[in-house]
K.L.:
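Supplied in structure tokens, the structure appears directly below.
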Number of protein chains: 2
Amino acid sequence: MNIKQIAKAAGVSVATVSRVLNHPENVAPKTREKIQKIIEDKEYKPNWFAQGLNFNRTKTIGLIIPYILNSTYMEIAKGVEDVALQKGYTTFMCNVEKNNRIESEYIEQLLTRKVDGIILMFSFLQEENLKAVQEDGVPIVLIGENKDIKGFNSVRVDCKAGAEGMIRNFIEYGHKTIGILYGSDPEQESRDMLEGYREVLEENGIAIEEKYIKAVDNTIEGGYLGAKKMVADGPPQAIFATSDDIAYGAMDAIKDLGMKVPDDVAVAGFGNARMSNLVEPKLTTVELPFHKMGIYGARLLFDLIEDEDKINEKPRQITLQTKQRIRKSCGHKERIGEMF
Amino acid sequence: MNIKQIAKAAGVSVATVSRVLNHPENVAPKTREKIQKIIEDKEYKPNWFAQGLNFNRTKTIGLIIPYILNSTYMEIAKGVEDVALQKGYTTFMCNVEKNNRIESEYIEQLLTRKVDGIILMFSFLQEENLKAVQEDGVPIVLIGENKDIKGFNSVRVDCKAGAEGMIRNFIEYGHKTIGILYGSDPEQESRDMLEGYREVLEENGIAIEEKYIKAVDNTIEGGYLGAKKMVADGPPQAIFATSDDIAYGAMDAIKDLGMKVPDDVAVAGFGNARMSNLVEPKLTTVELPFHKMGIYGARLLFDLIEDEDKINEKPRQITLQTKQRIRKSCGHKERIGEMF
DNA sequence: GTGAAAGCGCTAACAA
DNA sequence: TTGTTAGCGCTTTCAC
């Protein structure tokens, strides 16, 4: 079913049918209604390619996701999708497996398919690559920091403040030796948190001991291995992990070494993943506004898509704050109480 | 940059350039190389829409996902994507929030965007709707059963056998009263498991008591509420849950009622979600081959895409088997031993 | 208010 | 082996 057949059926020219589709106000009401009815009846849908060839607009956005098996990333994705759907856009979700080669390839794909804009979550790419895309006329928004990239519209979380708050808690609870297990990614955020950790300890006159600072893989296994080493070397009273996954692994390791969480070693994580209140003891953690990050990111993008000039304005950077979720694993008995 | 400019730069006609792109063997090596070099230099990419207008092939497939926050679905998705990527296809992932209206809308979108095929995971749609799509020439593959739909190429899991095996284990371990918490979705699979449950009890001469059979929401909360009721009414010695989420909730409820898992009530789940060996006690469960489901599903689809005649052949249905993961929660002490 | 026709960028049949 | 050209389905300018 194509426009020609509709035109013939209505006894008009293709131009008139096209007008009904795109500028109905320019068509006489009577002809318009007649044509609309035929379109309905025949379930005519304009050909996507033919339209694209003329418009170069696809009502599609691309979303780069570091790793789809991680449900925290998917929560952000859901935020993006919610906004997109409401705007009548479709979202191309791309799983890049934390690999910048795959990420580049997907960007290419998205450009080929003429998406109207791209959102990158914790991008592994370099600034110059992204700049090139944007200069091609496809707006870009960054959600979350992996590399230290400026100059784009972006949404970030104040991870440093979040980490600092948790370390301060530990100190307040009376812990004198505090370890940190920090993940290798997202790079920038992990660095920020490590920095926060050091600053708070210094502020409070606590000596910084390198044996309590350990870089690990941002996985359960990474946390397990890192904690096992750290604890075996003489355990700190508390451990802060830069992700919940790391914290889970750490808790497992502590238990395996015959010690108890939080009595022997308190633990806190970062992210408030869904299973944080299922593990035993329930994990104290820093909650991130994932869904909101997605929503704000998408809004930034649609601002750019809908107003072409904005792409040349000074980029906006939105910073969101974290929240503490105090549960049993950090050893603070008074503030516990959450069911799900 | 378009084909005309390349042609001019190379001093040939557009047809020749097009040939280099699509049938390079029909171009004299010298001309071909010359043109290829220019294409490289100018980073020329054929226009997506113009190509589509001629080919009506997009090298894109659609993937309907019930709910992206559930990482088990995303494991299937990853299987699909792995195959697609290898075939040079891009995957459109669509999150339908377990809602058949959204699902229909996305199918429309996918058709508009001319995907070459669609994979539906646990589709909520009716058979006739899907038939219509396939008759439009877009092949369809089903992964997992929600509705009872025949007549399509599909990948399913023998859930019934999986459930039966676990119930048999319980009986073998000496449990005389066994409850089941079955989720509302996926519908068909849950029904199968309930049927398996009844059959095994009958086979073993165990009376079926309706108070031990409870339909719940397929969520942690659902499991919690269902188990609370069941256990408060006089607990069974063991509970089988048709999903891990339900099992987590059940374990929480049992603990909240002051009883111990597995000593007072043994628990087993279904799915082997990532956190099953993080909860305390670690959850005994039935492992499903999610990744494989995705891979097989994708292969079925590409068979259909690549060989148009196959769409009229008798559909193939692949049935995969489950595996048991015996951990602490079921109370069988001897077979425990897993770290991650 | 409507129609004829050019053109979007590409492919492929046909001709040379 | 290469070029010319029609045509894919649609939008839009220009006439009427």
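In what follows, every chain begins at residue 1, and chains take the letters A, B, ... in the order their sequences are listed. A quick note: this is a predicted structure, and the numbers were derived from the prediction, not measured.
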K.L.:
Please confirm whether the shortest side-chain N or O distance from A:His23 to OP1 or OP2 of D:dT11 is below 4.0 Å.
P.N.:
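No, A:His23 has no side-chain N/O under 4.0 Å of OP1/OP2 on D:dT11.
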K.L.:
With a 4.0 Å cutoff (strictly under), does any side-chain N or O of A:Gln51 reach OP1 or OP2 of D:dT11?
P.N.:
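Indeed, a polar side-chain atom of A:Gln51 lies that close.
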K.L.:
Could you say whether A:Glu25 or B:Ser18 is positioned toward the 5' end of DNA chain C, judged by the nucleotide with the nearest heavy atom to each?
P.N.:
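Result of the comparison: A:Glu25.
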K.L.:
Give A:Val17 one of three labels, base, sugar-phosphate or nothing, depending on what nucleic acid heavy atoms sit under 4.0 Å from its own.
P.N.:
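Here A:Val17 touches no strand at all.
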K.L.:
Quick one: closest heavy-atom pair of B:Ile65 and B:Ala77, and the distance?
P.N.:
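What the structure gives for the nearest pair is CD1-CB, 4.0 Å.
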K.L.:
C:dA5, C:dG1, D:dT5: which one has an atom nearest the side-chain heavy atoms of A:Thr31?
P.N.:
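The closest nucleotide is C:dG1.
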K.L.:
Could you give the NZ-to-C1' distance, from A:Lys42 to D:dG9, as a whole number of Å?
P.N.:
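Checked: the NZ to C1' distance equals 17 Å.
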K.L.:
Between B:Asn26 and B:Asn54, which is nearer to the 5' end of DNA chain D once each is assigned its nearest nucleotide?
P.N.:
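The answer here is B:Asn26.
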K.L.:
Go through A:Arg156 and A:Glu189 one step at a time and tell me if the salt bridge (Lys or Arg N to Asp or Glu O under 4.0 Å) criterion holds.
P.N.:
CA-CA 9 Å; A:Arg156 61 183 292 277; A:Glu189 292 191 349; over 6 Å; no
K.L.:
How is B:Phe55 classified with respect to the nucleic acid when contacts are heavy atoms under 4.0 Å: base, sugar-phosphate, or nothing?
P.N.:
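Sugar-phosphate contact only.
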K.L.:
Would you say a side-chain N or O of B:Asn47 is under 4.0 Å from OP1 or OP2 of C:dC10?
P.N.:
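Looking at the OP1 and OP2 atoms of C:dC10, neither is under 4.0 Å from any side-chain N or O of B:Asn47.
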K.L.:
What is the distance, to the nearest angstrom, from the CG atom on B:Leu53 to the C1' atom on C:dT11?
P.N.:
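Rounding to the nearest Å, CG of B:Leu53 and C1' of C:dT11 are 10 Å apart.
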K.L.:
Which pair of non-hydrogen atoms, one from B:Val96 and one from B:Glu103, has the smallest distance, and what is that distance?
P.N.:
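Heavy atoms only, the tightest pair is CG1-CA, 3.6 Å.
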K.L.:
Tell me, please, which residues at least two apart from B:Ile149 pass side-chain contact (heavy atoms from CB on, under 4.5 Å).
P.N.:
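With sequence neighbours excluded, B:Ile149 shows a side-chain contact (heavy atoms from CB on, under 4.5 Å) to B:Glu127, B:Leu130, B:Leu142, B:Lys147, B:Phe152, given in chain and number order.
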K.L.:
Nearest 0.5 Å, please: how far is CG in A:Asn100 from CZ in A:Phe124?
P.N.:
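A:Phe124 atom CZ to A:Asn100 atom CG measures 8.0 Å (nearest 0.5 Å).
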K.L.:
Do any side-chain nitrogens or oxygens of B:Ser13 fall under 4.0 Å of OP1 or OP2 in D:dT2?
P.N.:
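For D:dT2, OP1/OP2 do not have a side-chain N/O of B:Ser13 under 4.0 Å.
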K.L.:
Expressed as a whole number of angstroms, how long is the span from B:Ile39:CD1 to C:dC10:C1'?
P.N.:
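Rounded to the whole Å, the gap is 13 Å.
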K.L.:
Check whether the ring centres of B:Tyr106 and B:Phe92 lie less than 6.0 Å apart, and answer yes or no.
P.N.:
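No; B:Phe92 has its ring centre 6.0 Å or more from that of B:Tyr106.
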K.L.:
Nearest-Å distance, NZ (A:Lys30) to C1' (C:dG1)?
P.N.:
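Taking atom C1' of C:dG1 as the reference, NZ of A:Lys30 is at 13 Å.
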K.L.:
Side chain of B:Val12: nearest nucleotide among D:dT5, D:dG3, D:dC10?
P.N.:
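Closest of the options to the side chain of B:Val12: D:dG3.
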K.L.:
Checking the side chain of A:Asn129 only, and the main-chain atoms of A:Leu125 only, is there a donor and an acceptor separated by less than 3.5 Å?
P.N.:
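Not at all, since once roles are kept as given, no pair shorter than 3.5 Å links the two residues.
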K.L.:
In whole Å, what is the span from the CE atom of A:Met1 to the C1' atom of D:dC8?
P.N.:
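It is 16 Å, rounded to the nearest whole Å.
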K.L.:
Atom CD1 of A:Ile3 and atom C1' of C:dA4: how far apart are they, to the nearest Å?
P.N.:
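Checked: the CD1 to C1' distance equals 14 Å.
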K.L.:
Of the options C:dA5, D:dC10, D:dT2, whose atoms approach the side-chain atoms of B:Val27 most closely?
P.N.:
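The answer is D:dT2.
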K.L.:
Could you tell me the separation between the CG atom of B:Asn22 and the P atom of C:dG9, rounded to a whole number of Å?
P.N.:
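Atom CG in B:Asn22 sits about 17 Å away from atom P in C:dG9.
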K.L.:
Can you name the atoms? Protein N/O to nucleotides 13-16 of chain C N/O, anything below 3.5 Å, with the distance.
P.N.:
none

K.L.:
Could you tell me whether B:Asn56 contacts a base, only the sugar-phosphate backbone, or nothing, with contacts defined as non-hydrogen atoms closer than 4.0 Å?
P.N.:
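Counting heavy atoms under 4.0 Å across all strands, no contact is made by B:Asn56.
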K.L.:
How close or far is atom P of D:dC8 from atom NZ of B:Lys114, stated in whole angstroms?
P.N.:
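Result: 14 Å.
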K.L.:
Would you mind reporting whether A:Lys59 and A:Thr90 have side-chain heavy atoms less than 4.5 Å apart?
P.N.:
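Result no, sub-4.5 Å side-chain heavy-atom pair not found.
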K.L.:
By nearest atom, which of the nucleotides D:dT1, D:dG9, D:dC8 is closest to the A:Ala50 side chain?
P.N.:
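Per side-chain heavy atoms of A:Ala50, the pick is D:dG9.
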